[in-house]
There are 6 protein chains.
Amino acid sequence: MPDSPQPSPVLTHFDAHGQAHMVDVSAKPATHRVAVAEGFIRMQPATLALIAQGQAKKGDVIGIARIAAIQGAKRCAELIPLCHPLPLTRVAADFSLDEAAATLRCEVTAETVGATGVEMEALTAVQVALLTVYDMCKAADRGMVIEGVRLLEKRGGKSGIWRAGPLR
Amino acid sequence: MPDSPQPSPVLTHFDAHGQAHMVDVSAKPATHRVAVAEGFIRMQPATLALIAQGQAKKGDVIGIARIAAIQGAKRCAELIPLCHPLPLTRVAADFSLDEAAATLRCEVTAETVGATGVEMEALTAVQVALLTVYDMCKAADRGMVIEGVRLLEKRGGKSGIWRAGPLR
Amino acid sequence: MPDSPQPSPVLTHFDAHGQAHMVDVSAKPATHRVAVAEGFIRMQPATLALIAQGQAKKGDVIGIARIAAIQGAKRCAELIPLCHPLPLTRVAADFSLDEAAATLRCEVTAETVGATGVEMEALTAVQVALLTVYDMCKAADRGMVIEGVRLLEKRGGKSGIWRAGPLR
Amino acid sequence: MPDSPQPSPVLTHFDAHGQAHMVDVSAKPATHRVAVAEGFIRMQPATLALIAQGQAKKGDVIGIARIAAIQGAKRCAELIPLCHPLPLTRVAADFSLDEAAATLRCEVTAETVGATGVEMEALTAVQVALLTVYDMCKAADRGMVIEGVRLLEKRGGKSGIWRAGPLR
Amino acid sequence: MPDSPQPSPVLTHFDAHGQAHMVDVSAKPATHRVAVAEGFIRMQPATLALIAQGQAKKGDVIGIARIAAIQGAKRCAELIPLCHPLPLTRVAADFSLDEAAATLRCEVTAETVGATGVEMEALTAVQVALLTVYDMCKAADRGMVIEGVRLLEKRGGKSGIWRAGPLR
Amino acid sequence: MPDSPQPSPVLTHFDAHGQAHMVDVSAKPATHRVAVAEGFIRMQPATLALIAQGQAKKGDVIGIARIAAIQGAKRCAELIPLCHPLPLTRVAADFSLDEAAATLRCEVTAETVGATGVEMEALTAVQVALLTVYDMCKAADRGMVIEGVRLLEKRGGKSGIWRAGPLR
């Protein structure tokens, strides 16, 4: 994976004694930060057809998953133990259906003006959206699989822009 | 997928007019229910080595992810819009490292004595655990991918035992 | 109001010394309980037209308010200090538009199998739904008014069926 | 209603495709913002007398509703799907009894230094306060009605000062 | 301490491999359970006088701490990682002032009908009540100390009645 | 206690009419603020030995209490009624065992860049950590006592540095 060739040797969420802490960001300036994450849920073609139908007519699975994504982003710091609370300034979730692959894709963009990044908020939103789709379709298809959940892009802060390479 | 050959044609979370609701389970008896879910996070081998090291020595990523999983299971109904609140009677999370595949696997078992299943609680716990791993290792490896999150088994209730087929 | 002619002289949420407590329901059997509540939001006709449009095409205000209602019902005991936590077994929210009166009506039915009633859950859901409508339309119309929020019906438990009289 | 004569034709919580999002406020400066909201609960005169009594002696309904209002304001962004999380810098709730009309009035002022307004926080606080009053008095009077919940005033931000006209 | 002479050699919140889990209570019957806990906050005599004054006149510190205790009990399972969620059927908080010792005492009784005990709910309520007192009086007295927080009594379940010995 | 000789005669959480409010901090600048709090849990020597063992081998009580402390700090404003929500920029929890006194000590440092202090966040974190220790060890030792919970130090803001005197 050429896009992050030199992983830091240190897990920053642990101090010198190996004890977990919420990392000190007190001295970091508040800057505009953006993160984009994506994820997929794979299902039976008949299940995907039910979702596609709902968009046009009734039973709007995607509309509900979108709300769950936005609400989930706001709860990120409650769920992820060492995550800093962040004042989100934007959350948007987009969905697309790939009928050939029988998958639904979710992409979330999260933004803040803060001292640390919003990757976790974007990823949490994707996960909650896909779990919501699972919940709403599970009576029809228990074998759905969530996959390919990852960070696509990160902007702002000292480390600048990061973009994911192709999914292996 | 031979294990669920006849998907219901109806998404039960919508009423006859296509409007979302929390499904009525008032008349269903409270029975013992179990759900097992799994998921994976794939990373660079050097990142996995950092996690493996933590188990033995310091920086216990897996110990923290386990707590996050259990706490996450309890928040499921707040995150998933149409999920019923359930009194969890057991949550356990196991982790295993596959060095050849450079992945960490998380398996969660959730149990309740209630009127509806605990699949969503088990799946939510897996997702929160894997997000927590991502959070703790992201300074070293931003390209980690969460994949293969799915229900493995479900017991109890009217529909009896369901087991997933092999992951395609 | 002929439907509740003999108000109890005691506020049950206070003990003999006037101190608030969460009332003891330990000895009450768990029975099936239902509550129905309603409420209205009055707005400019042009705002109501925007909502009506959304149902057919895009910008689904009502769909989002419905999800907020269901999610809000689950948070009732966190918001209302002396409310007992209850395992909701059903929540459904219906909306109707009255163009003549330029109001949107929300009706929520909540059910549980528990030791105490679900009135507060139904009322909380109505309030959160109407607040959500306000939030989504406030850029167009800040003068909207929420009104007529009340319990319509209550069934189950020792006190049997109660129905509201006409709104004065 | 002369105070908002030209409603915007657009519901800003939806993008150009009609999909809900949390609106981008990343570029808006943090400024001091104030919102004032009010609401009423109408009840039987005997119920209002019980509340009035509590202020002087025991069974302090209003004191508890005030705490619920302040706590509720802090949970606003969890309840209202597209609301931004905001760091509240002040919340105050005042109550007054109108014995002639047999109503209790609640007025909440909320303030923040942030990128977006605090109307929803003030309105949520009013609603939770009135629901709390309902909860505490419902054993005596199930027919209480919540009404006239609305924004009274809004200051700060680009749009300046807005004040409600008389309640129709 | 003669009341618990043979501590179990096992910490039940860990499995045979030393991994934390939420203990399985699926097979335990739901029975009526009660727990009583107490705690103290010691302060300057002048601070205690301010609190005593508030009870009679204005600035009701104890009334607010009581509400915080009840609300805190409901959040116990969110705060304590391995705690089971429990449907509380009663919470009551009593306070008493000891002017000689310049301490305020809080005693909470919590009850449930469930598969496991309510000790943690009662203890959490005491802690939140005392923290609330600290918060409200800290401008006058930063040196207050919370002490003697412990379980007094536990009834119900297989282990029967347990009562604390005298505080050493 | 020579370190706070002139307690303010006013409880700032009440207005001139004795009514509780969330104090106005709108005009206070956001500055770096630090608070350090400590607390103890006293137990039977055999229980402390079980905890000590866990650090080396398995059953890591302290590791879990540390996570609970950090998570608890983030929930402070939800638990303490008049507390302002604060964007925490650092939380760290340290533990030490005193075998002679059979006590476990917890010290938490919390930091923010905000308009008001983080004392309550640090104290809440200590309390939640000690409650978590109680929960995990209670099967072995129900008579544990939490004591000596207090603020040690406070820096930042208009009032400058405050340090506690020796614990009486």
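As the structure is a computational prediction, the values presented were derived from the model and not from experiment. Chain identifiers are assigned alphabetically (A, B, ...) following the order of the sequence lines, protein sequences preceding nucleic acid strands; residue numbering begins at 1 within each chain.
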task: Verify side-chain contact (heavy atoms from CB on, under 4.5 Å) between D/Met136 and C/Leu11, making sure each step is shown before the conclusion.
output: CA-CA 7 Å; D/Met136 301 190 77; C/Leu11 297 182; 5.9 Å; no

Nearest heavy atoms of [X] and [Y], plus distance in Å:
X: D/Gly148; Y: C/Val145; answer: CA-CG1, 3.7 Å
X: D/Ile80; Y: C/Val128; answer: CD1-O, 4.3 Å
X: D/Met144; Y: C/Arg150; answer: O-CB, 3.7 Å

[X] [atom1] to [Y] [atom2] distance, which is reported to the nearest 0.5 Å:
X: C/Asp135; Y: D/Thr124; atom1: CG; atom2: OG1; answer: 8.5 Å
X: D/His13; Y: C/Lys138; atom1: NE2; atom2: NZ; answer: 4.5 Å
X: D/Phe14; Y: C/Ile64; atom1: CZ; atom2: CD1; answer: 4.0 Å

Answer with side chain, backbone, both or neither: which region of [X] has an atom nearer than 4.5 Å to a non-hydrogen atom of chain D?
X: C/Gln127; value: both
X: C/Met120; value: side chain
X: C/Leu167; value: side chain

task: For chain C, find which of D/Ala68, D/Gly72, D/Pro81 contributes the most heavy-atom pairs closer than 4.5 angstrom.
output: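 If we count pairs closer than 4.5 Å to chain C, D/Pro81 comes out on top.
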
Step-by-step side-chain contact (heavy atoms from CB on, under 4.5 Å) determination, C/Tyr134 to D/Val149: CA-CA 11 Å; C/Tyr134 186 94; D/Val149 180; over 6 Å; no

Test side-chain contact (heavy atoms from CB on, under 4.5 Å) applied to C/Leu123 and D/Ile146, D/Leu131, D/Leu130, the passing residue: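 Of all the options given, the one that passes is D/Leu131.
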
task: Taking only Lys NZ, Arg NE, NH1 and NH2, and the carboxylate oxygens of Asp or Glu, determine whether D/Glu78 and C/Arg75 approach each other closer than 4.0 Å.
output: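 Yes, this pair counts.
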
